[in-house]
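Here is how names work: the chains are called A, B, and so on, in the same order as the sequence lines, proteins then strands, and each is numbered from 1.
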Protein chains: 2
Amino acid sequence: MKTFFCELEVTLEVIGGKWKGLVLYYLIKGPKRTGELKRLVHNISQKMLIQTLRELETDGLIRRKMYNQVPPKVEYSTTELGQSLEPILSSLCDWGGNYAEQSFAPGEIEILYLD
Amino acid sequence: MKTFFCELEVTLEVIGGKWKGLVLYYLIKGPKRTGELKRLVHNISQKMLIQTLRELETDGLIRRKMYNQVPPKVEYSTTELGQSLEPILSSLCDWGGNYAEQSFAPGEIEILYLD
DNA sequence: CAGTATCCCCAGAGATACTG
DNA sequence: CAGTATCTCTGGGGATACTG
């Protein structure tokens, strides 16, 4: 039996870590192919991308749709459960935007949007 | 100059990682002494607790108040900036609670509340 | 009690090459 | 294009001992 010491720990178990939040962030905006995600989630390696996707899929947050064709095509999308994180991730973004304005002088920080 | 590729990355830079969210979670409920935090944030080591507190302080999310007495007494509390994460952490908890109900059979998981 | 200083380890993550 | 398989390695993090 798995033991947690508050609900936040449960959440962090599912979307914590270095990449899960970011992958979800882009998938929540709409279905993406593997290559697109690789481009969007900057600096993620092939290995970590696939690994992250597998874990999110196992935990029921995303869905993997495979097209039987050559060359292969795979599309990832959020489940309802995954999509239910949209308001939270949205808030986290807003907070980060504010923080960037408040706590950095112009020129100390830049944000490059990829999508 | 630090470069980010979306606002979420900024947020994760500040409250990402293994412990920051949990430490904030408890501090948002009210000021705490070092020892209390050590007890509440289950399994955190002395080293990681102090390190986490220092980083949160540096980033302006918490405040450290030291009482000049023997034995030493130190109290940590949130700044306004830190407190502004309250609704988000709250949402993350709710989400985790729901997830625990939906995705685990009774007996597969337990949540022990420490405060 | 709060905090520092070390030593040490291993899982998470990077890099590269390969396959269907 | 999507994914697997290895190999490697770093630094996040754990354990312990010590100080004011």
Side-chain angles (χ1 to χ4, degrees), chain A residues 2-5 8-9 12-27 30-59 62-78 114, chain B residues 2-5 8-9 12-27 30-59 62-78 114:
Chain A
K2 210 137 184 26
T3 303
F4 298 92
F5 296 91
L8 181 56
E9 286 191 356
L12 292 178
E13 174 98 354
V14 180
I15 62 164
K18 191 169 182 181
W19 299 113
K20 286 183 179 175
L22 285 167
V23 169
L24 270 173
Y25 169 81
Y26 289 110
L27 281 182
K32 301 271 182 302
R33 298 188 55 178
T34 313
E36 291 181 89
L37 282 173
K38 180 87 177 59
R39 179 182 60 83
L40 290 169
V41 183
H42 205 262
N43 279 333
I44 195 171
S45 65
Q46 174 84 357
K47 176 188 162 186
M48 288 314 295
L49 177 59
I50 300 296
Q51 183 176 312
T52 301
L53 288 167
R54 291 291 172 276
E55 290 174 14
L56 290 174
E57 193 188 359
T58 299
D59 290 337
I62 67 171
R63 186 179 292 121
R64 180 175 181 274
K65 183 172 181 184
M66 182 168 174
Y67 297 80
N68 270 346
Q69 59 183 53
V70 180
K73 174 178 173 180
V74 172
E75 199 174 68
Y76 293 94
S77 57
T78 55
L114 296 178
Chain B
K2 211 137 182 33
T3 302
F4 299 91
F5 296 91
L8 182 55
E9 286 191 358
L12 292 178
E13 175 98 352
V14 181
I15 62 164
K18 192 169 180 180
W19 301 111
K20 285 183 179 174
L22 284 167
V23 169
L24 271 172
Y25 169 81
Y26 289 110
L27 282 182
K32 302 271 181 302
R33 298 189 55 179
T34 313
E36 292 181 89
L37 281 172
K38 181 89 178 59
R39 180 182 59 83
L40 290 169
V41 184
H42 205 262
N43 280 333
I44 196 171
S45 66
Q46 174 85 356
K47 176 186 162 186
M48 288 314 296
L49 176 60
I50 300 297
Q51 184 176 311
T52 301
L53 288 167
R54 291 293 172 275
E55 291 174 13
L56 290 174
E57 193 187 0
T58 298
D59 290 338
I62 67 172
R63 187 179 293 121
R64 179 176 182 274
K65 182 172 183 183
M66 182 167 174
Y67 298 80
N68 269 347
Q69 59 183 53
V70 180
K73 173 177 172 180
V74 173
E75 199 173 68
Y76 293 95
S77 57
T78 54
L114 296 178

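- Put simply, CG on A:Asn43 is 13 Å from P on C:dA13, counting in whole angstrom units.
- Taking atom CH2 of residue A:Trp19 and atom P of nucleotide C:dA13, one finds them 8 Å apart after rounding to whole Å.
- Checking the phosphate oxygens (OP1, OP2) of D:dG11, no side-chain nitrogen or oxygen of B:Lys18 falls inside 4.0 Å.
- Contact of the B:Arg54 side chain with the B:Gln51 side chain is not registered, since no non-hydrogen atoms from C-beta on lie closer than 4.5 Å.
- For A:Gln51 against C:dG12, no side-chain N or O and base N or O form a donor-acceptor pair under 3.5 Å.
- Note: OH (A:Tyr76) to P (D:dA2) measures 9 Å, nearest angstrom.
- Using a 4.5 Å cut-off on side-chain heavy atoms (C-beta onward), B:Lys20 and B:Asp59 make contact.
- Taking 4.5 Å as the limit, every side-chain heavy atom of A:Lys73 sits out of range of all side-chain heavy atoms of A:Met66.
- One interatomic measurement links the two molecules: CG of A:Leu49 to C1' of D:dC1, which rounds to 13 Å at whole-angstrom precision.
- Under the Watson-Crick and G-U wobble criteria, each requiring two contacts below 3.5 Å, nucleotide C:dG20 is paired to D:dC1.
- In this structure, B:Ile50 places its CD1 atom 12 Å from P of C:dA5, rounding to the nearest Å.
- Nearest to the side chain of A:Pro72, among C:dG20, C:dA2, D:dT4, sits C:dG20.
- Side-chain proximity of B:Arg64 to the nucleotides C:dA13, C:dG3, D:dG3 is greatest for C:dG3.
- Contact annotation: A:Arg54 side-chain N/O to D:dG3 OP1/OP2 distance is under 4.0 Å.
- The distance between atom NZ of B:Lys47 and atom P of D:dC18, rounded to the nearest whole Å, is 18 Å.
- Considering only the side chain of B:Val74, C:dG3 comes nearest among C:dG3, D:dG3, D:dC1.
- Separating the OH atom in B:Tyr76 from the OG1 atom in B:Thr34 is a distance of 4.5 Å, to the nearest 0.5 Å.
- Atom pair A:Leu53:CG and D:dT4:P shows a separation of 11 Å (rounding to whole Å applied).
- Distance A:Lys20 NZ to C:dG12 P: 10 Å, rounded to the nearest Å.
- The residue B:Tyr67 sits apart from the nucleic acid: no heavy atom pair falls under 4.0 Å.
- The closest side-chain heavy-atom distance from B:Leu22 to A:Leu12 is below 4.5 Å.
- Listed pair A:Arg33 / D:dC1 fails the phosphate criterion, with no side-chain N or O lying under 4.0 Å from OP1 or OP2.
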